[in-house]
Amino acid sequence: MARTCIYPFILSLTFTFFTLTSASSEADPLLTFKAFVEDPMNSLSSWSNTSGIHHCNWTGITCTTTPPLSITSLNLQSLNLSGEISPSICKLPNLTHLNLADNLFNQPIPLHLSQCSSLETLNLSNNLIWGTIPDQISQFSSLRVLDFSRNHVEGKIPESISSLKNLQVLNFGSNLLSGSVPPVFGNFTELVVLDLSQNPFLVSEVPSDIGRLGRLEQLLLQSSGFHGVIPESFVGLYVLTILDLSQNNLTGVVPQTLGVSLKNLISFDVSQNKLLGSFPDGICQGKGLINLSLHTNIFNGSIPNNTFDECLNLERFQVQDNGFSGDFPNGLWSLPKIKLIRAENNRFSGEIPDSMSMAAQLEQVQIDNNSFTSKIPQGLGLVKSLYRFSASFNGFYGELPPNFCDSPVMSIINLSHNSLSGRIPELKKCRKLVSLSLADNSLVGEIPSSLGALPVLTYLDLSENNLTGSIPQELQNLKLALFNVSFNRLSGRVPFTLISGLPASFLQGNPGLCGPGLPNSCSEEKPRHQTAGLSTLACALISIAFAVGALLVAVGFILIRRSSKRKSQMGIWRSVFFYPLRVTEHDLIMGMDEKSALGSGGAFGRIYLISLPSGELVAVKKLVNFGSQSSKALKAEIKTLAKIRHKNVAKVLGFCHSDDAIFLIYEFLQKGSLGDLICRPDFQLPWSVRLRIAIGVAQGLTYLHKDYVPHLLHRNIKSRNILLDADFEPKLTDFALDRIVGEAAFQSSMASESAFSCYIAPENGYSKKATEQMDIYSFGVVLLELLTGRQAQKAESGDSLDIVKWVRRKINITNGAFQVLDPKVSNASQQEMLGALEIALRCTSVMPEKRPSMSEVVRALQSLSSKAHLPNLEFSTSEEFSVPI
Ligand SMILES: *[C@@H]1O[C@H](CO)[C@@H](O)[C@H](O)[C@H]1NC(C)=O
Ligand SMILES: *[C@@H]1O[C@H](CO)[C@@H](O)[C@H](O)[C@H]1NC(C)=O
Ligand SMILES: *[C@@H]1O[C@H](CO)[C@@H](O)[C@H](O)[C@H]1NC(C)=O
Ligand SMILES: *[C@@H]1O[C@H](CO)[C@@H](O)[C@H](O)[C@H]1NC(C)=O
Ligand SMILES: *[C@@H]1O[C@H](CO)[C@@H](O)[C@H](O)[C@H]1NC(C)=O
Ligand SMILES: *[C@@H]1O[C@H](CO)[C@@H](O)[C@H](O)[C@H]1NC(C)=O
Ligand SMILES: *[C@@H]1O[C@H](CO)[C@@H](O)[C@H](O)[C@H]1NC(C)=O
Ligand SMILES: *[C@@H]1O[C@H](CO)[C@@H](O)[C@H](O)[C@H]1NC(C)=O
Ligand SMILES: *[C@@H]1O[C@H](CO)[C@@H](O)[C@H](O)[C@H]1NC(C)=O
């Protein structure tokens, strides 16, 4: 009885004793460690013997869970720490894991950590560690995990590293190691991960003793200057799941024996080497294929027993850009987990079996530029996850199966340069299809009109076939960037929007086609001069636009009346001014009437010009359609915009908001918007002023994109959103409204406008993410307006003849860039203007990646204004469109 009472007492005594002793002995090394470290984010603030927090509860510390408490792990990842790694932590007798990854330690490999007697894991990944690996690395013989990846470690791997026999993970990836890798791996019997990737200065054969690592699961040797052959010994890697030998200089064949052992592979990548020959017989002949082998008949002789279970886990198979030949491993096409097959740019032969339908996870197939000869399998349309199927430059023949585009996520199909025949099936299911190329086959029949119903189809290349009939009117529904039907046997009238420039239309080689700009004008067309015809049409469209505009104004008026009535009854207004504006919400609301409204308003709401009691003029943008941001978040976002200070960005002076409207108050500039100016019939500015405006706008955008933190996208650049001060210095307004109204509301507002807007980049239709390149496209459109003196959009209906189309068409037809330049500008400026025209064409390139960055544009424009003369410029507009993706 007495014993049971005393026992807990003793226990608690010992507990206190141990806690105290360990506190004093283990906190000190930590405090010493801290003293040598620079800690800009003050992450180690809890590390203090006065904080009252037990050191086991300090940031990054883990102790044993049962007394005696003792530190086992120190994890100080991603804290921007720099300074010195003090050896004091080796006074922690039980420290097992040390993770200092993603910091800024700038020193040689800290050998003194080998004094830490219990240390098993050392992670110094992504620091600034430099210098060579010293021979004394052998002192780390107790380590199981050594991660020095993403540092600046250089020189040769020393032979002494072979002493680290307990290693399970050895990672020297992304360093500057050089020379040849010695055969030091034979004794790493525990090794699970070996990563020597991305060491571009290595010049080495692949050490064959790696093949003895029977426990190796991941072997990553990509991009590291390995040459020579893949060692036969790799057959010993029975449990390998990831093999990456890509982007080296490997030669020879893939060892015949390899296939047998790589049963557990998930990812196999030997792409971008100089490998040759045929693939090992029977590699990846999974169980599923045994039945099918009877009719695909690719096996000679018996199938080895031990290959039956192979590759059942394989997800990625990448062998592209080598010199492989022979039959492509047929079993791959029906593996249950395969997601990615890339084998382009080899000389593989063989077929794609119908059993492809069993590859239920397959997402991407790229086998362009090989020698496959077969029909396109029916199975293709049954794989519901497939989004890319690219098999150009092969020998595929026969008809396209009617279901070939049935995958609901299919977005890229390239079957160009094959021998397909028959008709193009109606395409209805692939609603995500962005690019379809069937060029250079022997397809016949008509272009299916159902193509016009595919909502995001952007690139369509049907050139060099034997298609007949007329071009379906329905294709006008598409926002095409490229439309190529050249060299077929099409006939009849070309739908208007397909001939008017953008999309880049390639129509030649169809003698039966007629329309403006083509050799044949259509018979019922009035024998008029072609530009006259266009301008009549433009006039008609303008008058429609006016009518629509007037209607909008009327509707707007009614709505405003209604909403202001409602607001004065129930709105609670909150205002934040960033400038001393003496104005109340009431003044603002009262000031907003039809008289003060500028234009008919954009997608987000109207702009009003309000005269403050002080006599100052401000522009007030009224946003009515916005998401449900909290008042606090809203304030933070608008503050972000208001803090911008750049001579080419309009100041946000303040805002006020209620539950159903936000008023954004901008500085107002004397001369109004560039858009208004261009619109005037008497628009006339000398080129030097126009160039200055262009440079200013470009500088404002560069600032938003690159210099301001956070980086911003404008997302709504157009000449109406560029204000001009008394000296014609431009200022951007309406920028980054997405941050205020929220992405969803922004998108839906833009969608209502963008269907017509020619400022919107073509990829906007299918790309979910807004990019700098989209801003750059819009800038290019503004630059074209400055160059041509024309408004970007002459009409607001879907048929508008936009400026990009107009310019490209003009240059294409007449081959004379001079003709697009504003005739009201003096001839003396022509050379500079042609230079700017080339910049504008690059900015409005259909391919986003071909557009220059905004800072490149600034430099190019500035160099124009300083250069007196330029050499004659060649325009290669059609070249820009020659590659579909
Ligand atoms: C706190 O730590 C410092 C440095 O180790 C030591 O000089 C000081 O006496 C300690 N203070 C207390 C209250 O333990
Ligand atoms: C660490 O903090 C937890 C929760 O605050 C507490 O329960 C625990 O007792 C502390 N450990 C030590 C050793 O002080
Ligand atoms: C951390 O360091 C990086 C690189 O020096 C720097 O960009 C980042 O702003 C730093 N973070 C903090 C919070 O100091
Ligand atoms: C911690 O280290 C001490 C001293 O080496 C040792 O006696 C003790 O057993 C270790 N504790 C644990 C939990 O490993
Ligand atoms: C080391 O830390 C980095 C950064 O957190 C992590 O990505 C990596 O997996 C770690 N290394 C090991 C071997 O766990
Ligand atoms: C492997 O270990 C054995 C015995 O420990 C040693 O003799 C041999 O040199 C080691 N091999 C390598 C490549 O380090
Ligand atoms: C391959 O070798 C050639 C010359 O031998 C060299 O120029 C090239 O950089 C190497 N490529 C790689 C990826 O190491
Ligand atoms: C090989 O296949 C035969 C017949 O299916 C089977 O009986 C045998 O167990 C298999 N051998 C191995 C090693 O799997
Ligand atoms: C197109 O059809 C014509 C007549 O049927 C034939 O002579 C020609 O070879 C075909 N061209 C192609 C590319 O299939």
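Just follow the structure's listing: the first ligand is 1, and inside any ligand the first atom is 1. FYI, the numbering just counts along the sequence from 1. It should be emphasised that the depicted structure is a prediction, and the values quoted were computed from it without experimental measurement.
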Review point. How about atom 11 (N) of ligand 5: does it have a protein heavy atom within less than 4.0 Å?
Key: yes

Check your understanding: So how far is it from Leu202 CG to Leu196 CG, rounded to the nearest 0.5 Å?
Key -> 7.0 Å

Point to revise | Atoms in ligand 5 flagged as close to Asp102, the criterion being non-hydrogen separation under 4.0 Å | key: 4 (C), 5 (O)

Review point. Protein heavy atoms: any of them under 4.0 Å from atom 14 (O) of ligand 4?
Key: yes

Practice item. List every atom of ligand 4 that sits less than 4.0 Å from any heavy atom of Pro93, numbering the atoms from 1 in the order shown and giving each element. Key: 2 (O), 4 (C), 5 (O)

**Study point:** Asn123 N/O to ligand 5 N/O under 3.5 Å
**Key:** yes

Practice item. Check the angle between the aromatic planes of Phe33 and Trp47 and answer parallel, tilted or perpendicular using the 30° and 60° thresholds. Key: tilted

Review point. Which one holds for Val193 and ligand 5: side chain close, backbone close, both close, or neither close, with close meaning a heavy atom under 4.0 Å?
Key: neither

Check your understanding: Any idea which of Thr72, Asn94, Leu92, Leu69 brings a heavy atom closest to atom 3 (C) of ligand 4?
Key -> Asn94

Practice item. Run the numbers for me: atoms of ligand 4, each under 4.0 Å from some heavy atom of Thr64, listed by number. Key: 13 (C)

Review point. By number and element, which atoms of ligand 2 are closer than 4.0 Å to a non-hydrogen atom of His54?
Key: 12 (C), 13 (C), 14 (O)

Check your understanding: In terms of ring plane angle, is the pair Tyr703 and Tyr708 parallel, tilted or perpendicular, where the classes change at 30° and 60°?
Key -> tilted

Check your understanding: Between CZ of Phe188 and CG of Leu213, what distance do you get to the nearest 0.5 Å?
Key -> 8.5 Å

**Study point:** Any donor-acceptor N or O pair under 3.5 Å, side chains Ser390, Asp368
**Key:** yes

**Study point:** Gap separating the OG atom of Ser73 from the CG atom of Asn99, nearest 0.5 angstrom
**Key:** 8.0 Å

Exercise for review: Identify, by atom number and element, the atoms of ligand 5 in contact range of Ala101, meaning under 4.0 Å from any of its heavy atoms.
Suggested key: 2 (O), 3 (C), 4 (C)

Practice item. Working to the nearest 0.5 Å, report the span between CD1 of Ile161 and CG of Leu167. Key: 7.5 Å

Review point. Between His152 and Asn175, does any side-chain donor sit less than 3.5 Å from a side-chain acceptor?
Key: no

Practice item. Please confirm whether Asp147 comes under 4.0 Å of ligand 5, counting heavy atoms of the residue only. Key: yes

Review point. What atoms in ligand 5 come closer than 4.0 Å to a heavy atom of Val145?
Key: 13 (C)

Exercise for review: Please indicate whether Lys384 has more than 12 foreign heavy atoms, meaning atoms of other residues, nucleotides or ligands, lying under 6.0 Å from its NZ.
Suggested key: yes

Check your understanding: Going by the atom numbers of ligand 5, which of them fall below 4.0 Å from some non-hydrogen atom of Gln77?
Key -> 4 (C), 5 (O)

